[in-house]
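Notes to accompany the following structure.
Numbered from 1 within each chain, the chains take letters A, B, ... in sequence-line order.
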Amino acid sequence: MELFDYSLFVSAIRMVSPILLAALGGALCARVGIFNVGLEGLILAGAFSAIVGNHFTENIFLALLTAVAVSVLVSLLFGYATIHLKSNPIVAGIAINFLMLGLTTFALRAIFDVKGAYYNKDMSGLPKVDIPFVEDIPVVGQLISGHSPLVYTAFLAAILLYVFFYRTVTGFRVLAVGKNEAAARSLGLKVTTIQYGAIIMSGVLCGLAGAQLSLGQVTMFTEGMTAGRGFIALVAMMLGQSHPIGIAGSSLLFGLMDALSIRLQGFSMPTQFTAMLPYVITIIAMFFLKDRGSDSLAGQHTSR
Amino acid sequence: MSYVVEMLNIRKEFPGIVANDNISLSLRKGEIHALLGENGAGKSTLMGVLFGMYQPEKGVIKVDGKEVRITNPNVANRLGIGMVHQHFKLVDNFTVTENIILGSEPVKGMVLDIDSAAKKIAELSKHYGLNVDPHAKIEDISVGMQQRVEIMKMLYREAEVLIFDEPTAVLTPVEIKELMKIMKNLIKEGKSIIIITHKLKEIKAVADRCTVIRRGKSIGTVNVAEASEASLAEMMVGRHVSFKVDKKESTPSDVVLKIDGVSVKNNRKVLGVKDVSLEVKKGEILGIAGVDGNGQSELVEAITGLRKVEAGRIFLNGEEITNLPIKSRIQKGLGHIPEDRQKRGLVLDYTMESNMVLEVYNKQPFSKYGLLNMPAIRKYAKNILQNFDVRSGEGAASIARTLSGGNQQKAIIGRELELDPDLLIAVQPTRGLDVGSIEYIHRRLIEHRDKGKAVLLVSLELDEVLQLSDRIAIVNNGELVGEVKASETNENEVGLMMAGVGKERNV
Amino acid sequence: MMLPQRLHKLFTPLIQPLLAVLIGLLAGAIAISFVGEPVFETYKAMWEGAFGNFYFLTSTLARATPILLVGLGVALAFRAGVFNLGSEGQMVLGAVSAALAALCIPGPPVVKLLAAIVAGMLAGGLWALLAGWMESRFKVQLLISTLLLNYVAVLFASYLVAGPFQDKTGSAALAQTPMIDQGAWLPKLFPGMSVHMGFVIAIVCAVVLIVILKYTAPGYEVKMLGLNPFFAQYGGVNKVKLLLLSMFFSGALAGLAGSVEVLGSQYRYVDGALTAPGFAWTGMMAALLANSNPLGTVVTAILLAALETGAMGMERNTEVPLEVASVIQAVLILFISAKLTLKLVKFRRKEREVHGTV
């Protein structure tokens, strides 16, 4: 087996979508001044509820809708805690991650009566979209065509978000709120509404990210299957400086690492080391962050 | 007589205090009306009520003779009332145009129409003689220009009544004159202005009438032409105040602080202090005059060790301290009253006793073998709080946050003076305080000088620098413009130098 | 001070946690009724499972041991103002190092035991120090790096015990080390009960931490750094040194948690045996719940452990999955950080502030 070939990049494009979707959601929150550490939990909620929706409705579209609805609900909880109850967003985000880990594991037993993972071979996952004409182009066709609709949605979302930020009035206001909340408030902008809007949208995006995880490749749910992807998405977001196109780029890097990590399993190397790869690369990527955010000593006050 | 705004018998309570007690203020069309009062007198509350940020418990507000209820700032805006905030509310990396249109953006189809907005803003700017570049980024323009953007925001929204909240605090004397010209232009165009201030000179210079409030109560409204600065001051404070600071001629001797060609980078990673050389001697107060953001903070941080020095050397009592850690500098006799008392000066959620031992907790008798001696710490703190007349609910056990600003500041000054530092650096030591506290703090600083210690005073209040200092060094854009003797200069001269007009003179 | 005011001062800090507990139990009740079980009986079964008899009580304390140690470490880091989310990795590396030290270092059992504990603490401490160093030297955000380092540490430990140090004696090739000499085990506190000497060590650590934070100069520095880093810097506290020290000891405590778990109850490092029960995360929740107060962490660690052992008891006797415990825990955390009742406190403060004006 070769290390680098087309199929590696094909799987990279597939792996990129959950990270990209979640990172875009994180960017929306960051742009309104909320550091969303709860992405991990939101994705997990989406992944699980996509399976639940699929199980009960046997309709892939309704499954996606369930995933989105549940993630939005959870994101609203996060929003309520941070905006209304003024919780430390980091603590609230961590709590959301715990909550979803606990709830999905609990519900896995309550609904499917299994522990660890749920798999049903009769359940159909997301369809593959073959793009007419494009699929016939050599190389490019292989790369671009034949992915799940969510892969295309992810890239489309990046472009839409770019247009939203830099061309529309609402996007303009979102940016203003994030840069200087007091200024926005003084001009009568409904800051709270805008923040909730961003959080809800991040719920939508994370719900889709989760659905791609559980329905995209193999149709199954495992406990804690996000495995730090929410945090990798956060790094992708920071690396892309919350700019949609930048995020698309950095997410591609992490997607490639994910794909590579799976690919390397085929080589005679301990699986533990190949599995480490995405995390190590992410940490290394953090050395290159331009906008490193506040240094944790200056900005984050743990005491309430 | 037609009034554009009438605030009648306004009463606003906050838990435990009456911030406004039966205050009335009527604004004539086309006048500049000053609202005068000390810090904490209730000026901002009153204007907050007018601007819809607070709801009054009692009283009536009329706009153009009609009674109105202003439930939030948007309502105020719709009624044609606009506020130019003291702390500008601008988005730094947005352009002038983007800042002005935010919240009432013109659109073309679905898309933001910046170009037509910029055109409209350029016209407005020309009309009122504001000279603002609609395409400049906020972070690239001067503070004076930023203030004009704030004014433009109100004009763009067609405000008829403009409230200026302490507008001159951040301006150079030259910029202040320009601002006054702008205000008079606005009046000519039929706008009406309320200016909140505690600076008497400015009231005399620009206002038509003046309403004075003290401790939440209305003292009266006077025609400015018929009042003197002294009579206004007495109305404001409630007793006769002389703004002269009593002090003897200084007798400077040995050099305590010597700064030799120091350059320092600022937060934007460019040189914020450029090749500055200074000396401060025993028994003198050296004042640094300059407009905010001209390198004062960076210079102080370089001396205290909070910021790295790029070039040059710093000596304390003849010993080089350029690269010493902060702790050693403190031990070598450096005291520092920080610029922002709540950010650096105190741990707000901690008790006063913990706050008072910041520099000495690791010394005997306060700690031994690493263990803290709480009784000794308590005694030390009590002593400072008593000596410096710091009033707090539960004495040394009080949480710092519960103290008033004046008492917090007195405690910090007490803590630093208790160390009896050879060099005391006082940055904005009286910002936001009432006259009583200001007088007290000034007295303690002079006492420290008279003990034969050196004091480096940095203040944005030119009056304070002129009154307290023996010598004055003027900075502009990170450079030392000149040095003058306080007794041989005046506001005009220093003001010109603050604006960058150089002057060399040997002192 | 008047009596009502004093009462107010005493009870105000309690309103918040009590309210959070109430909401947490409510969330649990919803989950329980979702499964179709009676709420009251289920909670009763949970109580029995945690404190029902001496055996259950000691099991709860045994479970609380690593949770408490991790919690103390996290509390220390939080106090210094840093979010150490890396306890899991620090604990696991500590555990595997302790196991390997006990196996490999020659000498009498006591030496092995001590060496194991030191090795465990060092491993955990150094792993945390790595994140601290990256933060202070390269501004790599600790919050995220510590979390990602967990995966690296857990995978690395897994590699060690599935590869070079695997126990080859058993018939099945489990990913675990060989068993440690019985002499190097931490003794049990009561015969036949699972609580071991590690619990005493944890309590001693808590006391030491309380004393350090409250009565020593370094403790004063740590608190100042956490409450207002600008103030600490202005007062001449060496921020970087203190950050590194706090991270080291925070990680060392997590490493100790792993070590005592290995030396006191597993007697070998088994892959996944420390991560599956989520000791590290529960420990972090204990610290969060206690607002990083070490004494409070003792209480919350035991309570959260009780919630978990109780849930196991509940699972034995009812149809409710034990994960209901993690739901309750997470909801607790979500609401404990809310500024809900603090509004009331602030309100009072403002009042006093005004009275205090000259």
Side-chain angles (χ1 to χ4, degrees), chain A residues 35 37 40-41 77-78 80-82 84-88 90-92 94-110 113 115 227-228 231-232 234-235 238 270-273 275-276 278-280 282-283 286-287 289 292-304, chain C residues 31 34-35 77-83 85 134-136 138-145 147-152 155-156 158-159 162-163 225-230 239 243 278 281 284-285 288 291-292 320-321 323-340 342:
Chain A
F35 193 57
V37 191
E40 180 93 3
L77 186 61
F78 173 73
Y80 183 72
T82 46
H84 264 95
L85 304 183
K86 298 201 165 44
S87 303
N88 180 328
I90 292 175
V91 175
I94 293 169
I96 288 287
N97 293 343
F98 283 138
L99 183 62
M100 291 336 291
L101 188 62
L103 260 184
T104 50
T105 313
F106 173 81
L108 193 62
R109 299 212 33 212
D113 206 21
K115 254 189 144 153
F231 286 87
I232 293 179
L234 266 186
V235 178
M238 294 194 287
T271 51
Q272 287 91 353
F273 287 109
M276 262 181 220
Y279 307 108
V280 174
T282 309
I283 293 171
M286 290 177 73
F287 282 87
L289 286 185
R292 279 163 179 160
S294 56
D295 120 40
S296 359
L297 275 182
Q300 302 157 4
H301 284 241
T302 43
S303 50
R304 286 175 262 133
Chain C
F34 179 73
V35 192
F78 281 5
R79 270 299 169 97
V82 283
F83 265 101
L85 298 190
M134 291 196 299
E135 158 93 42
S136 59
F138 300 102
K139 289 199 170 179
V140 171
Q141 272 203 352
L142 216 147
L143 173 75
I144 297 166
S145 70
L147 187 110
L148 293 172
L149 283 171
N150 284 338
Y151 294 95
V152 178
L155 287 166
F156 183 67
S158 160
Y159 160 75
L225 186 66
L227 285 169
N228 185 349
F230 299 108
K239 251 168 67 165
L243 164 77
W281 298 108
M284 199 180 102
M285 288 203 242
L288 279 175
N291 197 21
S292 307
V320 185
E323 281 76 18
V324 78
S326 27
V327 173
I328 297 175
Q329 285 178 358
V331 172
L332 262 175
I333 301 294
L334 192 60
F335 285 92
I336 199 84
S337 65
K339 296 230 160 79
L340 204 64
L342 278 186

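- Listed options A:P278, A:A92, A:A107, A:A95 were ranked by heavy-atom pairs under 4.5 angstrom with chain C; first place goes to A:A95.
- For the atom pair OH (A:Y279) and CG (C:L148), the distance works out to 8.0 Å, reported to the nearest 0.5 Å.
- Taking the side chain as every heavy atom from C-beta outward, A:L101 and C:W281 never approach each other to under 4.5 Å.
- Looking at C:A162, the atoms closer than 4.5 Å to chain A (heavy atoms on both sides) all sit in the side chain, from C-beta outward.
- Contact of the C:M134 side chain with the A:F287 side chain is registered, since non-hydrogen atoms from C-beta on lie closer than 4.5 Å.
- Of all heavy-atom pairs between A:M286 and C:S145, the closest is CE-N, 4.2 Å.
- Most heavy-atom pairs under 4.5 Å with chain A, from the set C:I328, C:I144, C:N150: that is C:I144.
- In this structure, chain C has no heavy atom under 4.5 Å from any part of A:F78.
- The contact between A:I94 and chain C is made entirely by side chain atoms (from C-beta outward), counting heavy-atom distances below 4.5 Å.
- Taking CG of C:L288 as the start and CD1 of A:I90 as the end, the distance is 11.0 Å to the nearest 0.5 Å.
- Every side chain to side chain contact (heavy atoms under 4.5 Å, CB included) that A:A275 has, sequence neighbours left out, goes to C:L155.
- Side-chain contact check for A:I283 versus C:L149: some heavy-atom pair is nearer than 4.5 Å.
- Between the side chain of C:Y159 and the backbone N or O of A:P270, no donor-acceptor pair lies under 3.5 Å.
- Contact between C:F34 and A:A110 at its shortest, heavy atoms only, is CE2-CB, 4.2 Å.
- Within the 4.5 Å cutoff, the side chain of A:T105 has no heavy atoms near those of the C:V327 side chain.
- Separating the CG atom in C:L85 from the CG atom in A:N97 is a distance of 9.5 Å, to the nearest 0.5 Å.
- Counting heavy atoms from C-beta outward, C:F83 and A:N88 have side chains that approach closer than 4.5 Å.
- The shortest heavy-atom contact between A:G102 and C:S326 is CA-OG, 3.6 Å.
- Shown here for C:Y151 and A:G228, the closest heavy-atom pair between the two residues is OH-N, 2.9 Å.
- Judged as a side chain to side chain contact (heavy atoms under 4.5 Å, CB included), and not counting sequence neighbours, the contacts of C:A330 are A:F98, A:L99.
- When heavy atoms are compared at a cutoff of 4.5 Å, C:L147 approaches chain A solely by way of its side chain, counted from C-beta outward.
- Closest of all the heavy-atom pairs between C:L334 and A:S87 is O-OG, 4.0 Å.
- Proximity of A:M238 to C:Q141: side-chain heavy atoms (C-beta onward) are separated by under 4.5 Å at one or more points.
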